[in-house]
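Read through the structure below, which is laid out as structure tokens, and then see the notes.
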Amino acid sequence: MLSSVLKSDRAVRVNIAIMRAFVKLRHTLDTNRELARKFEQLEKRVAEQGEEITAILEAIRQLMATAEKPPHYRTANRR
């Protein structure tokens with residue numbers, strides 16, 4: 001690399017800085033991949049729960065609609 005060609009202290013320091021930057025970049029990419037994977041899993045769970053919540057709300061709406069309809073009673077005084 002650069003330090004092996006130039007053989008100076010400065011070239012060695014620059015070479016080390018470059019290597020550290022690449023290591024940090026690789027670490028950042030790995031972290032982002034892991035975060036992306038976890039985010040995808042979270043999206044799937046939320047979507048599944050959203051479907052379940054929608055089904056529950058629909059059932060409640062149906063129960064409320066039936067409860068709002070008054071029963072048809074025959075009155076005794078009706079002729």
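In this structure, Arg20 places its CZ atom where only 12 or fewer heavy-atom neighbours from other residues, nucleotides or ligands lie under 6.0 Å away.
A heavy-atom distance below 4.5 Å is not found between the side chains of Gln41 and Lys44.
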Just distance, no hydrogens or angles: give the donor-acceptor pairs under 3.5 Å from side chains in residues 49-64, sequence neighbours left out.
| residue | atom | partner | partner atom | Å |
| --- | --- | --- | --- | --- |
| Thr54 | OG1 | Gly50 | O | 2.8 |
| Glu58 | OE2 | Gln62 | NE2 | 3.4 |

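Between Glu40 and Arg37, none of the side-chain N atoms (NZ, or NE/NH1/NH2) sits under 4.0 Å from a carboxylate O, so this pair counts as no salt bridge.
Sorted by first then second residue, the side chain to side chain donor-acceptor pair (under 3.5 Å) pairs that include residues 23-33, not counting sequence neighbours, are Asp30-Arg33.
In the hydrophobic clustering, where aliphatic and aromatic side chains (Ile, Leu, Val, Met, Phe, Trp, Tyr) are joined below 4.5 Å either directly or transitively, Val23 stands alone.
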